[in-house]
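Computation of the quantities below employed the complete heavy-atom set of this structure, encompassing side-chain atoms and omitting hydrogens, waters and symmetry-equivalent molecules. Model, not experiment: these values are computed from the prediction.
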2 protein chains.
Amino acid sequence: MIAETGLDTVTVSRTAARAGMSVGLVQHYFRAKDDMLLHAFQEVSTEVAERVAGVVREGATHRRTIADVLLDALAEHLPLDEPRRAEFRVVRAFAGRALDSPALAEVDARTAEATHAEIARAVRNGAECGEVGPDVDADTAATRIASVAEGLATRVYRGAPGVADHARAALRAELGTVFTGRCRQYEG
Amino acid sequence: MIAETGLDTVTVSRTAARAGMSVGLVQHYFRAKDDMLLHAFQEVSTEVAERVAGVVREGATHRRTIADVLLDALAEHLPLDEPRRAEFRVVRAFAGRALDSPALAEVDARTAEATHAEIARAVRNGAECGEVGPDVDADTAATRIASVAEGLATRVYRGAPGVADHARAALRAELGTVFTGRCRQYEG
DNA sequence: GTAATAATCGTATGTCCGTATGGTTATCTG
DNA sequence: CAGATAACCATACGGACATACGATTATTAC
């Protein structure tokens, strides 16, 4: 419902109707509406996180380069198809409310921090294995990569002509400035 | 009021009270509440745009490098002090609503496009004058720079420790990957 | 089997809000 | 000065919504 018509068209009674239950039952599960929305935000956040984790796991088993796996993981956040656009709308709507709700802000901050940490870890792993030069600061690089990914997502969603087509390439180029080498385990 | 307590605590009557006038007078100026909010969004958007334009004008008269002026212009969007944090809250709150309001979305898209165009223009000017290499695509570079700026703003606002301190440096480093040369008019 | 707990419903209540209405006063214009 | 337009106010109306409440049925546990 948030993806379809926005957060402020979500009412308790509409939610109940959509779930095929009564208002009273919704109240039985959530003390207050805010609790319900917070739960929804947590749920969608972990959903995204788990999907990304799946991409990473898949990439690891197929022994792909860290840069390639990271690219797929980051691209998972880009609103390039309809389900991801819907997800984007939900997350952004919550992010807007998070400006004035500590509870939502904490979820927002936690997931952002987790993303940053994962990217930084990828960079450090890359440095250990040879894909990343030894003079690269992992946290600085992670901040930049996360920022580009986030900013690109916004631009893709807004649909400036041509951005969507090149978003993935732009992300790859950005990663290319950090992942400059090749993993030693792949060399002869 | 939006900056203080968020968009959804803004009611017509509270707005009237804050402006020291009656509800009726607010209605005299705005046919509907949404018109009022749209006006507010347009106002804050042009306010930011004009401040940035001022920075650019100031930089041009002092004959500073394009990269330096652009850095100041972009840094103007970072929520590094309280007024700018307030501005950020307002813009982001509206951006959240813009997901479901075509009128707000148009303002959002227009200002984003204007920012992108200004950055691209700076890059092209840089190429003409020698600060930027001739093989750089201005639009691609602008997309990346705008994305980093936007993403950094989010991260600065969220206040991850240490990000604020290095945000300006990160921005400068990003510009440094595009503005690699020196303007010919400064050379002997 | 019974007591307790969970699931489930329908409705009532009180509040808040956007907008409509009808009016009065000031300001400008010719 | 007359008349029109703009500035301005108080209040009423109607709707929507979050939550409270009281009740009923199903499920579980002892």
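For B/His28 and D/dC8, the shortest distance from a side-chain N or O to OP1 or OP2 is not below 4.0 Å.
Across the protein-nucleic acid pair, A/Phe30 atom CZ and C/dT8 atom P stand 13 Å apart, rounded to whole Å. Atom pair A/Asp8:CG and C/dC17:P shows a separation of 15 Å (rounding to whole Å applied). Rounded to whole angstrom, the span from the CG atom of B/Leu7 across to the P atom of C/dG18 amounts to 12 Å. One can place CE of B/Met1 at 13 Å from C1' of C/dC17, the figure rounded to the nearest angstrom. With rounding to whole Å, B/Met36 atom CE is found 12 Å from C/dC17 atom P. Rounded to whole Å, atom P of D/dA20 lies 10 Å from atom CZ of A/Arg31. As rounded to whole Å, 19 Å separates atom P of D/dG22 from atom CG of A/Leu25. Note: CZ (A/Arg14) to C1' (D/dC17) measures 10 Å, nearest angstrom.
Projected onto DNA chain D by closest heavy-atom contact, A/Thr11 and A/Gly24 fall at different nucleotides, the more 5' of which corresponds to A/Thr11.
Nearest nucleotide to the A/Lys33 side chain, out of D/dC8, C/dT8, D/dA18: D/dA18. Which of C/dA20, D/dA20, D/dA7 sits closest to the side chain of A/Gln27 comes down to D/dA20. The A/Tyr29 side chain lies nearest to C/dT8 when the options are D/dA7, C/dT8, D/dC9. The nucleotide whose nearest atom lies closest to any side-chain atom of A/Val23 is, among C/dT11, D/dC8, C/dT19, C/dT11.
Taking a cutoff of 4.0 Å between a charged side-chain nitrogen and a carboxylate oxygen, A/Glu58 and A/Arg64 do not qualify as a salt bridge. Of the charged side-chain nitrogens involved, at least one lies within less than 4.0 Å of a carboxylate oxygen, so that B/Arg51 and B/Glu76 count as a salt-bridged pair. B/Arg97 and A/Asp8 are joined by a salt bridge, as a carboxylate oxygen and a charged side-chain nitrogen come within less than 4.0 angstrom of each other.
Of the candidates A/Arg18, A/Arg89, A/Arg85, A/Glu4 forms a salt bridge (charged side-chain N to carboxylate O under 4.0 Å, His left out) with just one, namely A/Arg18.
Atom CG of B/Asp108 and atom CZ of B/Arg92 lie 9.5 Å apart (nearest 0.5 Å).
A donor-acceptor pair under 3.5 Å links the side-chain atoms of B/Glu131 to the main chain of B/Ala67, judged by distance alone.
B/Val91 and B/Leu78 fall into different hydrophobic clusters, where Ile, Leu, Val, Met, Phe, Trp and Tyr residues are linked whenever their side-chain heavy atoms come under 4.5 Å apart, directly or through other members.
Using a 4.0 Å cutoff on non-hydrogen atoms, no part of residues 94-105 of chain B comes near DNA chain C.
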